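Counting starts at 1 for both ligands and their atoms, following the listed order. Quick caveat, the model's predicted, so the values are computed rather than measured. Just so you know, these numbers use all the heavy atoms, side chains as well, and skip hydrogens, waters and symmetry mates.
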Amino acid sequence: MPTLSHLKNPRYFDFRAARRVPESHAWPGLHDHPVVDGGAQGPDAVPVVDLGAAEADPAAAVARAAEQWGAFLLTGHGVPAELLARVEDRIATMFALPADDKMRAVRGPGDACGYGSPPISSFFSKCMWSEGYTFSPANLRADLRKLWPKAGDDYTSFCDVMEEFHKHMRALADKLLELFLMALGLTDEQVGAVEAERRIAETMTATMHLNWYPRCPDPRRALGLIAHTDSGFFTFVLQSLVPGLQLFRHPPDRWVGVPAVPGAFVVNVGDLFHILTNGRFHSVYHRAVVNRDLDRISLGYFLGPPLHDKVAPLREAVPPGRTPAYRAVTWPEYMGVRKKAFTTGASALKMVALAAATELELDDAGAGAGADPAVVHQQLLVSS
Ligand SMILES: C=C1C[C@]23C[C@H]1CC[C@H]2[C@@]12CCC[C@@](C)(C(=O)O1)[C@H]2[C@@H]3C(=O)O
Ligand SMILES: O=C(O)CCC(=O)C(=O)O
């Protein structure tokens with residue numbers, strides 16, 4: 001059996017060759033909470049928002065899901081299923097590149113983009129059972145030359161497909177932002193006319209993160225992606241083939257498995273949207289688990305503000321007579337707070353909460369309150 005030392009690149013863990021889960025990849029505490037099926041009828045059914053003809057009032061459906069779950073399945077969105085199949089196929093081709101090619105594009109310390117574990121992994125001493133690749137669609141052709149320096153057919157088809165996908169997704173993001181703002185109670189006119197809202201719509205940026213979760217000989221000991229909230233505004237997750245995404249819900253503490261619905265996106269509310277909406281739409285803890293027989297691929301399309309813009313609660317989101325619950329932060333500033341939160345066991349959202357906000361407002365803040373699975377892991381596993 002090949003071991004790490006037999007590989008040309010000693011930094012590359014060869015998941016394909018692994019016959020067992022080594023201590024470096026074994027996470028304690030994975031089964032502290034039960035897992036329930038979010039695809040079955042009942043209170044744990046993940047909400048579905050259908051943007052097609054079937055939904056009479058999509059803004060009301062978005063409001064309910066964002067307030068009660070911080071996540072929902074999005075169908076009827078108009079992105080062709082045939083394009084999604086090509087996207088998944090191209091991602092699989094990319095992850096099948098030889099290790100040395102992938103390592104050429106490795107993420108540097110502090111870099112947002114690149115190949116390897118996602119940025120959050122640096123907060124933990126254990127390794128996740130996955131590989132990832134982050135890139136900016138705005139810079140796609142240049143970024144991808146790191147993986148395919150000689151360009152060629154695979155490079156061209158990857159870039160063509162991702163550009164086509166990005167075009168659809170950016171338009172869908174605008175549509176969903178408008179629905180989110182209408183869900184907050186803004187009228188059509190206000191969404192277009194109020195300066196703060198207009199600026200968000202005009203400047204929102206997109207980042208893509210691809211995940212590959214290789215099949216795993218002992219899936220109960222390994223973890224694909226540690227529990228986290230996304231830090232930006234909102235994220236579209238594509239997991240249309242193999243399920244593995246779980247949302248944290250409480251009380252009682254439990255993981256809700258999100259069904260893999262062909263052609264659907266999962267939409268997650270992120271921390272900056274939580275702040276923007278003054279906690280009315282709350283960010284959601286989620287994680288990805290792995291399985292024994294099947295590789296899994298997922299894609300996150302992350303929307304957020306430009307790096308230098310401050311995000312503060314929208315005036316329209318703060319109830320009359322109340323003060324905003326959060327202070328203004330830029331995205332990089334918030335990432336810095338989150339890093340500190342991981343090393344101290346605190347909640348990043350609570351760290352940017354304003355002292356004047358009442359306990360009630362913070363307790364309403366969903367992810368910021370109550371049991372926090374990431375903090376539980378953090379106490380056990382933070383890298384020294
Ligand atoms: C635009 C983003 C959003 C990032 C950072 C940057 C690029 C990669 C994203 C993720 C993807 C995996 C989980 C996460 C927590 C991570 O570590 O990297 C995400 C993070 C965030 O939502 O904060
Ligand atoms: O693999 C998944 O389903 C989750 C992906 C995710 O949470 C992410 O990329 O942030």
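If you look at Asp230 next to ligand 1, the close heavy atoms, those under 4.0 Å, come from the backbone and the side chain alike.
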Verify ring-ring contact (aromatic ring centres under 6.0 Å, His included) between Phe13 and Trp129, making sure each step is shown before the conclusion. CA-CA 10 Å; Phe13 180 79; Trp129 200 266; 5.8 Å; yes

So Ile200 and Leu314, side chain to side chain contact (heavy atoms under 4.5 Å, CB included) or not? Walk me through it. CA-CA 11 Å; Ile200 292 164; Leu314 291 170; 4.2 Å; yes

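Residue Arg338 has at least one N or O atom closer than 3.5 Å to an N or O atom of ligand 1. Taking distance alone, with nitrogen or oxygen atoms compared against 3.5 Å, Ser231 approaches ligand 1 more closely than that limit. Distances between N or O atoms of Gly232 and those of ligand 1 include no value under 3.5 Å.
Counting only heavy atoms from C-beta outward, the side chains of Leu299 and Ile91 approach each other to under 4.5 Å.
Within 4.0 Å of ligand 2, heavy atoms belong to protein residues His209, Asn211, Tyr213, Leu225, His228, Asp230, Val237, Leu245, His286, Ala288, Arg296, Ser298, Phe302.
Regarding atom 10 (C) of ligand 1, its nearest protein heavy-atom neighbour is Phe302 CZ, 4.1 Å. Annotation: atom 6 (C) of ligand 1 to nearest protein heavy atom, Met335 CE, 4.5 Å. Nearest to atom 13 (C) of ligand 1 among the protein's heavy atoms is His228 NE2, 3.5 Å. Ranking protein heavy atoms by distance to atom 18 (O) of ligand 1, first place goes to Pro119 CD, 3.2 Å. Taking atom 17 (O) of ligand 1 as the reference point, the nearest protein heavy-atom neighbour is Ile120 N, 2.8 Å.
Taking a cutoff of 4.0 Å between a charged side-chain nitrogen and a carboxylate oxygen, Glu195 and Arg198 qualify as a salt bridge. Of the charged side-chain nitrogens involved, none lies within less than 4.0 Å of a carboxylate oxygen, so that Arg86 and Asp89 do not count as a salt-bridged pair.
Applying ring-ring contact (aromatic ring centres under 6.0 Å, His included) to His77 and the options Phe236, Tyr301, Phe265 leaves one that passes, Phe265.
Close contacts of ligand 1 with Pro118, meaning ligand atoms under 4.0 Å from a residue heavy atom, involve 12 (C), 16 (C), 17 (O), 18 (O). Near Trp331, the atoms of ligand 1 lying under 4.0 angstrom from a non-hydrogen atom of the residue are 1 (C). Close contacts between ligand 1 and Thr207 involve ligand atoms 1 (C) [criterion: under 4.0 Å to a heavy atom]. Using a 4.0 Å cut-off to heavy atoms of Thr134, the atoms of ligand 1 that qualify are 7 (C), 8 (C).
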Just list the side-chain donor-acceptor pairs under 3.5 Å for residues 332-342, sequence neighbours left out, or say none.
| residue | atom | partner | partner atom | Å |
| --- | --- | --- | --- | --- |
| Glu333 | OE1 | Lys310 | NZ | 3.2 |
| Glu333 | OE1 | Thr330 | N | 3.4 |
| Glu333 | OE2 | Arg327 | NH1 | 3.1 |
| Tyr334 | OH | Asp271 | OD2 | 2.7 |
| Arg338 | NH1 | Thr229 | O | 3.1 |

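In this structure, Arg145 forms a cation-pi arrangement with Tyr155, its terminal cationic atom sitting closer than 6.0 Å to the ring centre and no more than 45° off the ring axis.
A donor and an acceptor atom, one from each side chain of Tyr115 and Lys146, are nowhere located under 3.5 Å apart. Side chains of Asp230 and Thr235: a donor-acceptor N/O pair is present below 3.5 angstrom, by distance only.
Protein heavy atoms are absent from the 4.0 Å sphere centred on atom 4 (C) of ligand 1.
Within a 6.0 Å radius of CD in Glu82, other residues, nucleotides and ligands contribute more than 12 heavy atoms. Within 6.0 Å of CG in Asp153 there are 12 or fewer heavy atoms belonging to other residues, nucleotides or ligands. Other residues, nucleotides and ligands contribute only 12 or fewer heavy atoms inside 6.0 Å of the NE2 atom of His308.
Under a 4.0 angstrom heavy-atom cut-off, Gly300 registers as lying outside contact with ligand 1.
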